[in-house]
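All values below were derived from every heavy atom in this structure, side-chain atoms included, with hydrogens, water molecules and symmetry-related copies excluded.
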Amino acid sequence: MSLEKITDKKFGEIAGFIHSYALGSRIFTSVFPGSSKSFLIKKLSEKKNQIVLLFEDKNELYETNVELEILSVKSTRIIADEISAEAAQKIIGEINSNEKFILLALADILKMKFPQKKSVEQNTLKIQAGSELEYEEFLEFLNLYNYDRESFVEIPGSYAMRGAVIDFWSYSERNPARIEFDGDFIESIRYFDAESQRSIGRADEV
């Protein structure tokens, strides 16, 4: 048996033990040297849908993220390397959008105050392509939640209007979205690149 298979098997056994006997407990990975931590996290991600990793500094966070990428970990990775109100909104949005994820965060995130999940759900507007949404009502929503009107959308928390098209960048999205209206009917939703302003793909919901 190759070293790779032996390693994979052993970490699988450790992950299985943690999953069976340490459910709900905090796990300290400092006893695992170097990249062995990332091997363990990969195996745990095959058994658990939601994992939170806490780091003392950004370098360790970034290194682990790169290792998980190299290991082709399938769970969505959410990076929380900044502690601010804007960052909190983005984190909440990404957590709500993904059932299976690994949150890589600085330990200082424990000091942040997050709103209750129910409050977030009540103040979230989901927009679906092919559905109806009053054009003016959507603009009121953006203004109510302090989105800034700009000529072009280049940063989260801003929006722009061009006739039947409204561009906006939600804190819960990695890219800004472009909504094309036909009256009060949503004709299409597309994500676009903030620098080039060019579309990068269709979306069913935002």
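- Between I166 and L142 there is a side-chain heavy-atom pair separated by less than 4.5 Å.
- Between I41 and I51 the shortest heavy-atom distance is O-CD1, 4.2 Å.
- Between Q197 and D167, some side-chain heavy-atom pair lies under the 4.5 Å cut-off.
- Here the closest heavy-atom approach between residue I102 and residue S75 is recorded as CG1-CB, 3.8 Å.
- Shown here for A160 and E150, the closest heavy-atom pair between the two residues is CB-O, 3.2 Å.
- Within the model, atoms CD of E154 and CG of D193 stand 11.0 Å from one another, a figure rounded to the nearest 0.5 Å.
- Taking the six-membered ring where the residue is Trp, F138 and F141 present parallel rings, their angle staying beneath 30° rather than reaching 60°.
- Between the CG atom of L103 and the CG atom of L53 there is a distance of 7.5 Å, given to the nearest 0.5 Å.
- From F168, atom CZ reaches atom CZ of R149 across 15.5 Å, with rounding to the nearest 0.5 Å.
- Atom CZ of R162 has more than 12 heavy atoms from other residues, nucleotides or ligands within 6.0 Å.
- Checking side-chain atoms of N143 against main-chain N and O of L139 turns up a donor-acceptor pair under 3.5 Å.
- Annotation: side chain of L71 is in contact with side chain of S38 (closest heavy-atom distance under 4.5 Å).
- If you take CD on E137 and CG on D184, they are separated by 9.0 Å, rounding to the nearest 0.5 Å.
- In this structure the side chain of N49 never reaches within 4.5 angstrom of the side chain of E99, judged on heavy atoms.
- Under a cut-off of 6.0 angstrom, the local environment of NZ in K74 is sparse, with at most 12 non-hydrogen atoms contributed by other residues, nucleotides or ligands.
- Y159 and Y147 have their aromatic ring centers separated by at least 6.0 angstrom.
- Crowding of F152 atom CZ: a count of heavy atoms from other residues, nucleotides or ligands under 6.0 Å not exceeding 12.
- Listed here is the closest heavy atom pair of I91 and A80: CD1-CB, 3.5 Å.
- D81 has its side chain out of reach of F55: every pair of non-hydrogen atoms, C-beta onward, lies at least 4.5 Å apart.
- Looking only at distances, a side-chain donor or acceptor of D57 sits under 3.5 Å from a matching main-chain atom of E60.
- Residues E173 and Y191 come closest through the heavy atom pair OE1-OH, 2.9 Å.
- Taking both residues in full, the closest heavy atoms of L106 and L54 are given as O-CD2, 4.3 Å, listed atom of the first, atom of the second, then distance.
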Working for side-chain contact (heavy atoms from CB on, under 4.5 Å), residues R178 and V165 | CA-CA 7 Å; R178 178 165 292 149; V165 176; 3.5 Å; yes

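- Contact annotation: the side chain of R174 approaches that of E94 to within less than 4.5 Å [non-hydrogen atoms, C-beta and beyond].
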Please assess E69 against R77 for the test salt bridge (charged side-chain N to carboxylate O under 4.0 Å, His left out), listing each intermediate value before the final yes or no.
-> CA-CA 9 Å; E69 187 173 347; R77 294 189 306 282; 3.6 Å; yes

